[in-house]
Amino acid sequence: EPEVTQTPSHQVTQMGQEVILRCVPISNHLYFYWYRQILGQKVEFLVSFYNNEISEKSEIFDDQFSVERPDGSNFTLKIRSTKLEDSAMYFCASSEVGDSPLHFGNGTRLTVT
Amino acid sequence: GEDVEQSLFLSVREGDSSVINCTYTDSSSTYLYWYKQEPGAGLQLLTYIFSNMDMKQDQRLTVLLNKKDKHLSLRIADTQTGDSAIYFCADGPKGSARQLTFGSGTQLTVLP
């Protein structure tokens, strides 16, 4: 069964550094998403992406965050200058169309020290 | 704002049925979902129900939706030790908003 793949599985970075989290969505899916889960908290929506542009973003997704689909298969989340509070599990998801169920990857655990 | 609530813990004996409950506040969602998260793993889509349905059955899983009470449940028949995980209820999208709103997750522990 096709799946969403994320790399790396674990990323450790120092405060203030830039990180890029990578995702390969399911190939025939058109909508892409990033969610995050801070330890002990709910899974929270960050951003959705369709037709090469952001379609929605939450208030968490401030100017430090950006997303990109650099080629036909990858979907990336960049955090420009990481803060301690960015430490979380980041999940990528994709859906076939906007109303279809979301399929999630295994996540990237980001640790900011 | 919109909220999705779940109880935090559930323990059952192997072979028994498990029922995980969820309540939500926003009735405009298109779908309601159940995701499973095993330790260190991602969110696995278990099943989902369209908001105009009352029930959906998929092998050992039965989803019941009570729209009047805004209550969703997941029943796992013949629960196995491999079912031990965190189960998340989520709803969405709502109109043009594509995001899902998640509950806190219910930790299911299956005892031998």
Side-chain angles (χ1 to χ4, degrees), chain A residues 1-10 21 23-26 29-51 53-61 67 88-109, chain B residues 1-9 22-26 28-53 56 58 61 63 65 72 74 85-107:
Chain A
E1 187 178 326
E3 57 181 28
V4 176
T5 56
Q6 290 186 244
T7 54
S9 55
H10 192 186
L21 309 183
C23 170
V24 178
I26 295 173
H29 285 189
L30 300 177
Y31 285 80
F32 315 114
Y33 311 83
W34 285 101
Y35 284 73
R36 80 172 184 190
Q37 185 182 28
I38 294 172
L39 189 64
Q41 298 187 22
K42 290 187 178 185
V43 178
E44 303 172 288
F45 169 77
L46 292 179
V47 66
S48 61
F49 191 87
Y50 170 70
N51 201 26
E53 58 183 28
I54 290 173
S55 48
E56 286 176 275
K57 59 182 181 178
S58 70
E59 56 191 30
I60 303 167
F61 194 88
V67 288
M89 180 76 92
Y90 287 81
F91 292 106
C92 174
S94 66
S95 64
E96 198 170 345
V97 293
D99 284 350
S100 302
L102 273 65
H103 293 261
F104 284 81
N106 281 341
T108 293
R109 180 168 297 285
Chain B
E2 207 264 318
D3 203 11
V4 176
E5 295 291 338
Q6 300 176 241
S7 52
L8 293 180
F9 302 101
C22 171
T23 57
Y24 57 96
T25 56
D26 189 337
S28 65
S29 299
T30 305
Y31 294 101
L32 292 111
Y33 300 85
W34 286 104
Y35 286 90
K36 176 184 180 182
Q37 185 179 36
E38 296 183 61
L43 297 165
Q44 176 196 351
L45 177 63
L46 267 186
T47 187
Y48 60 96
I49 187 168
F50 193 50
S51 58
N52 70 352
M53 294 171 63
K56 180 179 179 182
D58 183 2
L61 306 178
V63 178
L65 176 59
L72 180 74
L74 173 70
I86 300 176
Y87 291 80
F88 290 93
C89 167
D91 72 346
K94 305 171 185 61
S96 61
R98 299 282 156 244
Q99 58 181 283
L100 302 187
T101 302
F102 281 81
S104 302
T106 299
Q107 171 77 61

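On a predicted model such as this, the values are computed, not experimentally measured, just so you know. Labels below follow one simple rule: chain letters A, B, ... track the order of the sequence lines, proteins then strands, and each chain is numbered from 1.
For the pair B:Tyr87 and B:Cys22, the minimum side-chain heavy-atom distance is 4.5 Å or more.
Ranked by non-hydrogen atom pairs under 4.5 Å with chain B, the options A:Ser95, A:Gly107, A:Ser9, A:Pro101 are led by A:Pro101. When the candidates A:Tyr31, A:Phe104, A:Phe91 are compared by the number of heavy-atom contacts under 4.5 Å with chain B, A:Phe104 comes out ahead.
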Name every donor-acceptor pair, under 3.5 Å, that has one atom in a side chain of residues 35-48 of chain B and the other anywhere in the protein, sequence neighbours excluded.
residue : atom : partner  : partner atom : Å
B:Tyr35 : OH   : A:Leu102 : O            : 2.6
B:Lys36 : NZ   : B:Gly82  : O            : 3.2
B:Gln37 : NE2  : B:Ala41  : O            : 3.3

List the atom pairs, with distances to 0.1 Å, where a side-chain N or O of residues 37-48 of chain A and a protein N or O form a donor-acceptor pair under 3.5 Å, not counting sequence neighbours.
residue : atom : partner : partner atom : Å
A:Lys42 : NZ   : B:Asp3  : OD1          : 3.0
A:Lys42 : NZ   : B:Val4  : O            : 2.9
A:Glu44 : OE1  : A:Arg36 : NE           : 3.2
A:Ser48 : OG   : A:Ser55 : OG           : 2.9
A:Ser48 : OG   : A:Glu56 : N            : 3.2

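Within the 4.5 angstrom heavy-atom criterion, no atom of A:Thr108 approaches chain B. Residue A:Tyr35 touches chain B through its side chain alone, counting heavy-atom pairs closer than 4.5 Å.
Here the CZ atom belonging to A:Arg109 is positioned 4.0 Å from the CE atom belonging to A:Met89, to the nearest 0.5 angstrom.
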